[in-house]
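For reference, the structure is listed below as structure tokens.
Below, each value reflects all heavy atoms present in this structure, side chains not excepted, and no hydrogens, waters or symmetry copies.
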Amino acid sequence: MNNLVTQISDELFDILLKKREEEPNFKFALRQRNQNNNQPRLQNGYWFQGNDFYIFVPLWNKGDNKNKTKTIGFVLNLDHNDRVTGNYLELAYPDEIRPLHLEFYDKIKDYLTNQQDIKLKRYQKGNKKTFDHFEDPHNWENNFQFYLNNFQPFVQQLIIQYGFENEFVFSDNQFLKNLDRINRLRPNIQNSLVTINYPASFPDHGQFQKNYRETLNIDEDVRTVTVRYRRQLYTGLTLGVYGRGTGRIYFTTQKQQFIDNNPHLKGSESITIRVIPEGINELELVDESILFEYSISALTFETIFPQFKEYILHLSGELFEGFDKGYIHDNESYKLELREKALNALQLEKWDESMIGSGEILTNTIAAIEVDGNNLVDISGRYGPNGLDHRRLIAIKETGDGLAQLENTFYEFFNNQIEEEDAFDELKEQIGGIYALLAYIFFLKDENQFAPISTSNFETSFQLLDCDIKLQASASWKNYSEYNQLIHQTKQLLVNELDTPIRTIDAHSFLWIIGNQGLFKDWMNEHDEESETIIVFETISTQNEVKSEKKRNFDSLPPEQNKDWATLERRKRKNGRKAELIVLDYERKRLEEAGRSDLAEKVQDYSKRLGCGYDILSWNETDNSQRCIEVKSVKNNQFYITANELARCEHGKGFCIYLVRKENNQIRIQHIPSPQLSSEEHFSLTAQNYLVTFSNKNSDS
């Protein structure tokens, strides 16, 4: 993540909001979805199109597919040292544009040319002609004001004059939906980042230890963070983080190995640390329902996974022990090996911009598709040349028609010079909407973010997990983004179940096995139905049978045991997250069954919203009132609660507690309405931590 992008994006957003206050009908384009699953752009504050090296701020929609044009927009360029190096207005359109559209763009160019201190530059980009309007590259704020106050009214009037509203002006609903999404995400960005200034150089040897204290709005223990330095993600640095409910977090670096492994960090001035609770994926820092339409049922997964393990035993005669050994490793590990062979054929390290149009990039790409053993796309030829998934690539190589455009797209895509969404759309137009081929190309770029696809088999997989996404004949960036997000949801459920890290391709393998030709489904129908997980929901009353202790008898305290507290804490968090997902799914189904699908759609995951004091926002179907649910994973009649949650119990309207416990093949959800935890008649509160305060006094005085 680039902090400068986040900072400037926030400034641009505020400027645009101020403009909208002055002109209520003013609209602007915002990022609608993440670039990919492993780099959650929205959650990192990238409010507009772009990446770590540029920000693209359009005020209009994209042109139609026939004209293949980017929308007109303002561009900010950044370099590797986090500096703004340029800014300009961009118009881009192809040679074969319709005459009326050409006249439209000519009038925009004439307008820019007639402005004072205008420098108009024309260059070729694939089959597109691009015209850039440059002003002072170091004064982007003034240039952006020109874009809003002078350029925008002229272009808007021109759009109306030519009747292009349907092509360039997006709807109020679309704009307001995107605006609401950003407004809900902004507080998470502001509360989850802290910059720590390090000394001018790291020591060359020995253990490096230094304490830092930063004030953050956090009401729970946080024991793991990720560290990003100059857009790189480092996991070797271990940080100890302490403090519950105080709003203060203490960082202690204690891994000399991190310094030894990353010598290029020496001399750095600062490292940005993003606070992320143990076992929580970055994507879970915000409510996923505002980003994606489909989700995996955590409740159904609880039924499917035990049967999956039984199915592996049925297939192999061996117990399922994970994805890195046994049957699954023997049958599924080839995918990453195949990808490695494909990357060797691509020879990306040799690609140069001068190669565009030569045919070499396309030749390497075809070789990467035709690697031996590739069953992720159809290259068998069993249905003849017209049955090959990559037939259009072969045709372009033979005829040369559209070669430069296609190689330009491949070059920009693999060199991060184009948004993934734009690359998907351009490749679909150039090589056809063969979903398996498009997904394979994205898988080659990054196996952690993107996965191969077999549409019919994965539709079956997701249906088994109560997700009705349609994949067949649905090749689009939105659909592919949803597909990858579902794989990442599945991955998180598997991690919670296995209590060990797995790869994205492992979640892909799990889904492939349960969806492949319906074999698992058929086996499951024949299998003993007693293995199905049963959900039991009950509202309970509580009774305290433990008398409060007036004094703390320290002599009676049990001796401290040698426990792996870090492991216990990690498991507690994973079990807690698993319980939250189960309740989230249960509440949506409960309201659906009550005939209140309108309320079911409004159930939201609040577990990662700092300072909220509860995990799930749900609703009561009878009077539409809120049900604020704190979820606790329990094995007995005990659970921990933070000071913020306790305050919510005492004063929060609609607050309740759901206790989730699993017993064999039964999940029991116990509902405690309006709990008064300070009432000794119903509960016993036991202090587990003490705050020690003292004043500093010189011993000689």
Side-chain angles (χ1 to χ4, degrees), residues 288 294-316 319-323 327-328 457-469 485-500 502 506-538 571 574-594 600 603 605 616 618 631-635 658-671:
E288 290 302 324
Y294 298 97
S295 62
I296 297 295
S297 167
L299 285 173
T300 305
F301 177 84
E302 289 295 315
T303 294
I304 293 294
F305 186 69
Q307 296 191 9
F308 165 78
K309 293 193 291 186
E310 290 290 329
Y311 185 60
I312 296 300
L313 177 63
H314 164 75
L315 292 176
S316 65
L319 293 174
F320 169 77
E321 297 184 82
F323 292 92
Y327 175 85
I328 294 183
N457 288 312
F458 279 87
E459 271 192 16
T460 301
S461 305
F462 294 133
Q463 286 169 3
L464 286 171
L465 294 168
D466 281 351
C467 176
D468 60 356
I469 186 172
Q485 173 59 17
L486 291 173
I487 289 179
H488 280 265
Q489 286 183 20
T490 305
K491 176 182 175 181
Q492 192 61 49
L493 291 170
L494 288 167
V495 168
N496 291 342
E497 189 70 38
L498 298 172
D499 193 27
T500 185
I502 66 169
D506 295 329
H508 181 274
S509 295
F510 165 79
L511 291 166
W512 165 260
I513 290 172
I514 68 171
N516 182 24
Q517 300 180 39
L519 297 175
F520 172 73
K521 185 177 180 180
D522 293 341
W523 175 86
M524 197 168 56
N525 289 334
E526 299 173 359
H527 193 55
D528 187 356
E529 295 183 357
E530 291 181 0
S531 63
E532 180 179 353
T533 301
I534 301 171
I535 309 299
V536 176
F537 181 86
E538 57 187 1
R571 288 177 180 171
K574 288 182 177 178
N575 288 336
R577 182 55 181 160
K578 185 176 177 180
E580 290 164 2
L581 292 173
I582 287 173
V583 170
L584 183 69
D585 195 27
Y586 172 80
E587 282 298 294
R588 287 170 176 165
K589 289 185 175 180
R590 177 182 67 82
L591 290 168
E592 286 279 0
E593 292 173 359
V603 175
D605 181 1
I616 306 296
S618 187
V631 181
K632 297 296 180 183
S633 174
V634 298
K635 291 185 178 179
Y658 278 22
L659 306 179
V660 180
R661 66 183 87 205
K662 186 171 183 180
E663 302 166 349
N664 298 321
N665 66 325
Q666 184 181 91
I667 294 177
R668 184 175 295 274
I669 302 175
Q670 296 178 313
H671 171 219

What distance separates [X] [atom1] from [Y] [atom2], expressed to the nearest 0.5 Å?
{"X": "Thr490", "Y": "Asp506", "atom1": "OG1", "atom2": "CG", "result": "12.0 Å"}
{"X": "Phe520", "Y": "Ile513", "atom1": "CZ", "atom2": "CD1", "result": "10.0 Å"}
{"X": "Tyr311", "Y": "Ile514", "atom1": "OH", "atom2": "CD1", "result": "10.5 Å"}
{"X": "Asn516", "Y": "Phe458", "atom1": "CG", "atom2": "CZ", "result": "9.5 Å"}
{"X": "Asn575", "Y": "Arg661", "atom1": "CG", "atom2": "CZ", "result": "13.5 Å"}
{"X": "Glu580", "Y": "Tyr658", "atom1": "CD", "atom2": "OH", "result": "14.0 Å"}

By side chain to side chain donor-acceptor pair (under 3.5 Å) - contacts of [X] (at least two apart):
{"X": "His314", "answer": "none"}
{"X": "Ser297", "answer": "Thr300, Asp585, Lys589"}
{"X": "Tyr586", "answer": "none"}

Indicate yes or no: at least one non-hydrogen side-chain atom of [X] is less than 4.5 angstrom from one of [Y].
{"X": "Leu465", "Y": "Leu511", "result": "yes"}
{"X": "Asn525", "Y": "Lys521", "result": "yes"}
{"X": "Tyr294", "Y": "Gln489", "result": "no"}
{"X": "Ile304", "Y": "Met524", "result": "yes"}
{"X": "Phe323", "Y": "Thr500", "result": "no"}
{"X": "Ile616", "Y": "Asp605", "result": "yes"}

Give me the atom names and distance for the closest heavy-atom approach of [X] to [Y].
{"X": "Ile582", "Y": "Ala298", "result": "N-CB, 3.9 Å"}
{"X": "Ser509", "Y": "Ile328", "result": "CB-CG2, 4.5 Å"}
{"X": "Arg577", "Y": "Asn496", "result": "CG-ND2, 4.0 Å"}
{"X": "Ser295", "Y": "Cys467", "result": "O-CB, 3.5 Å"}
{"X": "Ile487", "Y": "His508", "result": "CD1-CD2, 4.1 Å"}
{"X": "Ser618", "Y": "Val603", "result": "OG-CG2, 3.7 Å"}

Test side chain to side chain contact (heavy atoms under 4.5 Å, CB included) on Glu587 and Val583 and set out the steps.
CA-CA 6 Å; Glu587 282 298 294; Val583 170; 4.2 Å; yes

Distance-only side-chain donor-acceptor flag, Arg668 / Gln666, under 3.5 Å
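Note: Arg668 and Gln666 side chains meet the donor-acceptor criterion.
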
Apply side chain to side chain contact (heavy atoms under 4.5 Å, CB included) to residues Leu494 and Phe305 and explain how you reach the verdict.
CA-CA 9 Å; Leu494 288 167; Phe305 186 69; 3.5 Å; yes

Ring centroid separation Tyr327 to Phe320 under 6.0 Å
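Between Tyr327 and Phe320, the centre distance exceeds or equals 6.0 Å.
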
